[in-house]
**Q** 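Encoded as structure tokens, here's the structure I'll be asking about.
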Protein chains: 2
Amino acid sequence: MSTLAQGKADLERASTAQKVADMLRERVLDGELEPGLRLSEEAIGGALGVSRNTLREAFRLLSRDRILVHEHSRGVFVRRPTGDDVRDLYAARRVIECGALRLWNGVTEAQREAVRAPVRRAVARAEKGDLSKTGSANIQFHRGIVGLAGSTRLSDESDRLFAELMLAFRVAQEVEAFHQTYLPWNRKIVELLGDGAVDQAVLQLHEYFDAAEQDLVGRLS
Amino acid sequence: MSTLAQGKADLERASTAQKVADMLRERVLDGELEPGLRLSEEAIGGALGVSRNTLREAFRLLSRDRILVHEHSRGVFVRRPTGDDVRDLYAARRVIECGALRLWNGVTEAQREAVRAPVRRAVARAEKGDLSKTGSANIQFHRGIVGLAGSTRLSDESDRLFAELMLAFRVAQEVEAFHQTYLPWNRKIVELLGDGAVDQAVLQLHEYFDAAEQDLVGRLS
DNA sequence: ATCGTAGAATCGTTCAACAATCCCACAAAC
DNA sequence: GTTTGTGGGATTGTTGAACGATTCTACGAT
């Protein structure tokens, strides 16, 4: 059974455009390709060994993911979120995550664990003085919250929102330190959830968004 | 000032791929291209007078919008939502719209009016016996609800969810009649909002989603 | 310092080509 | 008779070249 599933994964090979898009997304999100950078078709295509046409298909995919911005006759650029973008992003996250968190009492134990575990791990690392990966830990926490809704579409869209915010962090030159501040906040939310105080947790989450938005917008403008 | 804005609109011409994607989306949503239909590159490209490469860029855009489904080496197809898809769609809408509706007291009067007006117009039409456009009226109502969040990203994603649901309606062969049933529901929600009973309205909206989902899933399986 | 312009670079789009894959119909085997 | 190969035809995946259109850049004129 597991071998069948594995074989299926092998069979479902992706197109070149898809693979190129995935790899470019990685390069953008890990900071190798900075926000605002123009991606020349010739340069990228030459480096990756793919034709311009295929590369343009990949660009179309990534522009729909809001990772890249397509400017007609000027080229594609790594997105460079503005203060307005950040406000828009947090407005969306507020609705999605606060709405999802309210479902806490109606979801499976596995879903709840996906919210708790990232915070527990982050706390453990912080106590050891390990301050790496605080960013991805924070995102995993919020990804877990969205997962409470049980909708792949909602989770996928949230991933796009997270990706865009990571670009904003980079513009603000605060990739890791930013999240660090908010670990106690996440901890408090999990605590409240454990006490069954869902409404309190939602309120706390709401305040977290307000604070984070203000912080990030401030650094951007 | 208005001439400047107009000129700007002219300047910002879209690429061929973008225009083709827009027109194909229309054709799909108005039912001319049925769910499950395969879109041959040669046929569509020939009919529209665009090259295969440009057409493939358009396909990539629409596949990210979930209007089309790309199956490797088999072609692109108009999406044909399943019962599971519908459940996923409503799970997302429940979170988004219930979350947005809770913002009722904190938004501008224009935003509130964008929720009320579609229902008012639909009621007026229904009283005259005009049962056309009930589908788009319903969507406008829900679009207004999402608009309360004030996030273009959230509104755009919701539009994608609506579009996918319209495909599901078509598969269930219930494009207009489906929505008709739910006008009283919308009316009740607006009424409750007018009375300041936001929590009640959210509850009502939640029940609407439960009923609509069950109805549509039933017709699909 | 501003403006304008020629030339280079890049994008937008098309076309032709070919390998890889899929689909379909037909024949062979159980 | 249903299943199992097995061709060939159609379609997709990808590339490379080509060329008009647009943008950028650097240089010279005012």
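All values below come from the heavy atoms of this structure, side chains included, with hydrogens, waters and symmetry mates left out. Below, chain A is the first sequence line, B the second, and so on; all start at residue 1.
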**Q** If you compare every side-chain N and O of Thr54(B) against the phosphate oxygens of dT14(C) (OP1, OP2), does one of them come in below 4.0 Å?
**A**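 So the side-chain polar atoms of Thr54(B) do come within 4.0 Å of the phosphate oxygens OP1 or OP2 of dT14(C), strictly under.
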**Q** Atom CG of Leu55(B) to atom C1' of dT14(D): distance rounded to whole Å?
**A**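 These atoms are roughly 15 Å apart.
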**Q** In terms of side-chain heavy atoms of Thr16(B), which of dT14(C), dG13(D), dT13(C) is nearest?
**A**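 Of all the options, the side chain of Thr16(B) is nearest to dT13(C).
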**Q** Specify the separation, in whole Å, of atom CD of Gln18(A) and atom C1' of dG13(D).
**A**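 Result: 14 Å.
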**Q** Using whole Å, what does the distance between atom P of nucleotide dT10(C) and atom CD1 of Ile44(A) come to?
**A**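 Value for this atom pair: 12 Å.
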**Q** Can you measure Arg56(A) atom CZ to dT10(C) atom P for me and round it to whole angstrom units?
**A**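 Rounded to the whole Å, the gap is 15 Å.
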**Q** Are Tyr182(A) and His142(A) close enough that their ring centres sit under 6.0 Å apart?
**A**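 Here the rings of His142(A) and Tyr182(A) have centres that are no less than 6.0 Å from each other.
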**Q** Rounded to the nearest angstrom, tell me the gap between atom CZ in Arg60(B) and atom C1' in dT14(D).
**A**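 Going from Arg60(B) (CZ) to dT14(D) (C1'), I get 11 Å.
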**Q** For Ala17(A) and for Arg52(A), locate the closest nucleotide of DNA chain D by heavy-atom distance; then report the residue assigned to the nucleotide nearer the 5' terminus.
**A**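 It is Ala17(A), whose closest nucleotide lies nearer the 5' terminus.
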**Q** Rounded to the nearest angstrom, tell me the gap between atom CZ in Phe59(A) and atom P in dT13(C).
**A**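 After rounding, the gap between these two atoms is 15 Å.
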**Q** Expressed in angstrom and rounded to an integer, what is the separation of Leu39(A) atom CG from dG12(C) atom P?
**A**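 Answer to the nearest Å: 13 Å.
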**Q** For Gly49(B), which contact category applies under a 4.0 Å heavy-atom criterion: base, sugar-phosphate, or nothing?
**A**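 Answer is sugar-phosphate: Gly49(B) comes under 4.0 Å of backbone atoms only.
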**Q** Could you state the CD-C1' distance from Glu41(B) to dT14(C), rounded to the nearest angstrom?
**A**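 The distance from CD of Glu41(B) to C1' of dT14(C) comes to 14 Å, rounded to the nearest Å.
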**Q** Establish, with yes or no, whether the OP1 or OP2 oxygen of dA9(C) is under 4.0 angstrom from a side-chain nitrogen or oxygen of Ser40(A).
**A**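 Answer is no, no contact under 4.0 Å.
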**Q** Below 3.5 Å, can you tabulate the donor-acceptor pairs from side chains in residues 30-37 of chain A to any protein atom, sequence neighbours excluded?
**A**
residue  : atom : partner  : partner atom : Å
Asp30(A) : OD1  : Glu32(A) : N            : 3.1

**Q** For the side chain of Asn53(A), starting at C-beta, report the closest nucleotide among dC11(C), dT12(D), dT13(C).
**A**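 Comparing dC11(C), dT12(D), dT13(C) against the side chain of Asn53(A), the answer is dT13(C).
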**Q** Could you check whether Asp156(A) pairs with Arg160(A) (Lys NZ or Arg NE/NH1/NH2 to Asp/Glu carboxylate O, under 4.0 Å)?
**A**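 No.
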**Q** Could Arg94(B) and Glu213(B) be called an ion pair, given the rule that one side-chain N must be under 4.0 Å from one carboxylate O?
**A**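 Result for this pair is yes, salt bridge flagged.
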**Q** Please pick, from dT10(C), dT11(D), dT13(C), the nucleotide with the shortest atom-to-atom distance to any side-chain atom of Ser15(B).
**A**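 Closest nucleotide to the Ser15(B) side chain: dT13(C).
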**Q** It should be established whether His70(A) places a side-chain nitrogen or oxygen under 4.0 Å from OP1 or OP2 of nucleotide dC11(C).
**A**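 No, because none of the side-chain N or O atoms of His70(A) sits under 4.0 Å from OP1 or OP2 of dC11(C).
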**Q** Taking the minimum atom-to-atom distance to the side chain of Ser73(A), which one of dT12(D), dT14(C), dT23(D) wins?
**A**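 Selected nucleotide: dT23(D).
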**Q** Using the closest heavy atom to pick a nucleotide of DNA chain D for each, name whichever of His72(A) or Val76(B) lands nearer the 5' end.
**A**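 This one resolves to Val76(B).
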**Q** How about Arg60(A) and Ser15(B): does a side-chain donor come under 3.5 Å of a side-chain acceptor?
**A**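 Distance-only check passes for Arg60(A) and Ser15(B).
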**Q** Compare the minimum distances between each of dT22(D), dC15(C), dT11(D) and the side chain of Arg38(B), then state the nucleotide with the smallest one.
**A**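 Selected nucleotide: dT11(D).
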